[in-house]
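Take a look at the structure below.
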Amino acid sequence: MKIATFNINNVNKRLANLLAWLSSEHPDVVCLQELKAETRSFPLAAIEDAGYHAVWQGQRTWNGVAILSRKPPVLTRRALPGAKNDEQARYIEAAVSGIIIGCIYLPNGNPQPGPKFDYKLSWFDRLIKHARGMDKEGLPVVLAGDFNVVPDLSIDIYPTRSWDKDALTQPQPRARFALLQQEGWLDSLRAKHPGERLYTYWDYKRQRWERNGGLRLDHLLLNGPLHKRLKAAGVDRWVRGEEGASDHAPAWVELRGKWKS
DNA sequence: ATGTCCTGGATACCAGGA
């Protein structure tokens with residue numbers, strides 16, 4: 001069972017890229033971020049034609065998240081709990097094949113310091129709290145998405161000082177990511193590729209893709225009940241090199257065990 | 001500081017977000 005996360009950076013603008021990747025890699029479940037489409041503008045017909053069911057939460061202009069699945073996902077949430085007036089479409093959750101899939105688009109947080117960075121940190125705190133609650137219930141959970149965090153500055157970003165003041169590299173969000181790991185959420189790409197430079201995002205600016213100036217921002221975290229099932233993990237880098245590509249590439253995990261309905 | 005890509009609102013570019 002292959003579960004992937006892909007910041008598509010406008011699902012309608014890059015629909016051809018998405019469909020090409022789906023037909024080539026055949027993920028069973030896909031978490032999408034940055035749909036940049038209103039709920040009614042989600043390209044459901046094309047996604048169904050490609051063999052997927054979907055649940056999604058759209059928003060005009062910004063954000064937007066979706067979960068695609070070869071078997072019908074059972075929607076469990078369309079927002080992250082813990083805030084009364086958070087209108088931003090950054091979280092959707094569904095059960096697929098006995099696994100809870102949390103699809104995450106964590107706030108970018110720039111510029112920092114400032115209110116956007118504060119929002120990033122409070123959103124992250126809400127995520128940690130919700131993750132604890134789900135873990136306590138003993139269900140297998142995958143938290144997959146664009147966390148907008150570079151976990152380890154020595155290996156998850158190309159050698160540079162350019163991002164030193166950026167919200168993606170600050171100690172506060174990195175400490176929160178580390179806390180999730182301490183609480184049993186396995187960083188599956190890192191677990192399968194210790195010591196290896198892995199990137200999932202390359203800025204459009206300054207030929208970052210051509211120079212492999214990447215950052216690892218997209219993560220798939222597994223709670224305890226899934227650790228033993230982790231078979232493989234990787235990044236579909238080729239997607240970033242296609243015409244009209246998103247600035248992110250898909251990241252994925254392969255889990256052992258039957259794909260059950 | 002720069003660079004890219006895209007949207008939206010006010011135009012016939014520019015601000016803003018990522």
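Small disclaimer: the values here were computed from a predicted structure and weren't measured. In what follows, chains are A, B, ... by sequence order, proteins preceding strands, each numbered from 1.
The stretch residues 103-128 of chain A touches DNA chain B through A:Tyr105, A:Asn108, A:Lys116, each having a heavy atom within less than 4.0 Å of the strand. Against DNA chain B, the stretch residues 146-156 of chain A makes no heavy-atom approach under 4.0 Å.
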Give every donor-acceptor pair under 3.5 Å between a side-chain atom in residues 222-231 of chain A and any protein atom, sequence neighbours left out.
| residue | atom | partner | partner atom | Å |
| --- | --- | --- | --- | --- |
| A:Asn223 | OD1 | A:Val141 | N | 2.8 |
| A:Asn223 | ND2 | A:Asp135 | OD1 | 3.0 |
| A:Asn223 | ND2 | A:Leu139 | O | 2.8 |
| A:His227 | NE2 | A:Gly184 | O | 2.9 |
| A:His227 | NE2 | A:Leu222 | O | 3.0 |
| A:Arg229 | NE | A:Arg256 | O | 2.6 |
| A:Arg229 | NH2 | A:Arg256 | O | 3.0 |

Listing, residues 238-246 of chain A side-chain donor-acceptor contacts under 3.5 Å, not counting sequence neighbours, or none:
| residue | atom | partner | partner atom | Å |
| --- | --- | --- | --- | --- |
| A:Trp238 | NE1 | A:Glu25 | OE2 | 2.8 |
| A:Arg240 | NE | A:Trp202 | O | 3.3 |
| A:Arg240 | NE | A:Ser246 | O | 3.4 |
| A:Arg240 | NE | A:Asp247 | O | 3.3 |
| A:Arg240 | NH2 | A:Trp202 | O | 2.7 |
| A:Ser246 | OG | A:Asn7 | O | 2.6 |
| A:Ser246 | OG | A:His248 | N | 3.0 |

* Carefully, step by step, assess A:Asp152 and A:Arg190 under the rule salt bridge (charged side-chain N to carboxylate O under 4.0 Å, His left out). => CA-CA 10 Å; A:Asp152 183 341; A:Arg190 182 51 69 217; 6.0 Å; no

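The separation of B:dG16 from B:dT11, taken at their P atoms, amounts to 15 Å, rounded to a whole angstrom. The same atom, P, is picked in B:dA1 and in B:dC13; the two are 28 Å apart, to the nearest Å. A distance of about 22 Å separates the C1' atoms of B:dG8 and B:dG3, rounded to the whole Å. With P as the reference atom, B:dA10 and B:dA15 are 14 Å apart, rounded to whole Å.
Annotation: cation-pi pair A:Arg70/A:Tyr52 present, NZ/CZ under 6.0 Å from the ring centroid and within 45° of its normal.
With rounding to whole Å, A:Asp166 atom CG is found 15 Å from B:dA1 atom P. Regarding A:Trp209, its CH2 atom lies at a distance of 24 Å from the P atom of B:dA18, rounded to whole Å. Summarising the geometry, the separation between CD on A:Gln59 and C1' on B:dG17 is reported as 12 Å, rounded to the nearest angstrom. Atom NZ of A:Lys165 is separated from atom P of B:dA18 by 20 Å (rounded to the nearest Å).
With sequence neighbours excluded, the residues forming a side-chain hydrogen bond (donor to acceptor under 3.5 Å, both in side chains) with A:Thr160 are A:Ser162, listed by chain and number.
Just one residue in the list A:Arg208, A:Arg211, A:Arg197 forms a side chain to side chain donor-acceptor pair (under 3.5 Å) with A:Tyr158, and that residue is A:Arg208. Among A:Trp21, A:Tyr105, A:Trp252, A:Tyr201, the single residue meeting the ring pair (Phe, Tyr, Trp, His ring centres under 6.0 Å) criterion with A:Phe6 is A:Trp21.
A salt bridge is defined here as a Lys NZ or Arg NE, NH1 or NH2 lying under 4.0 Å from an Asp or Glu carboxylate O, and A:Arg216 with A:Asp156 meets this definition.
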* Structure fact -> With B for base contact, S for sugar-phosphate-only contact and - for none (protein heavy atoms under 4.0 Å), nucleotides 2-8 of chain B reads BBBSSSS

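What you find for A:Leu143 and A:Ala131 is that their closest heavy atoms are CD1-CB, 3.9 Å. In terms of heavy atoms, A:Trp209 sits closest to A:Arg237 at CH2-O, 3.5 Å.
Checking A:Asn110 against A:Lys116 by side-chain atom types alone, no donor-acceptor pair falls below 3.5 Å.
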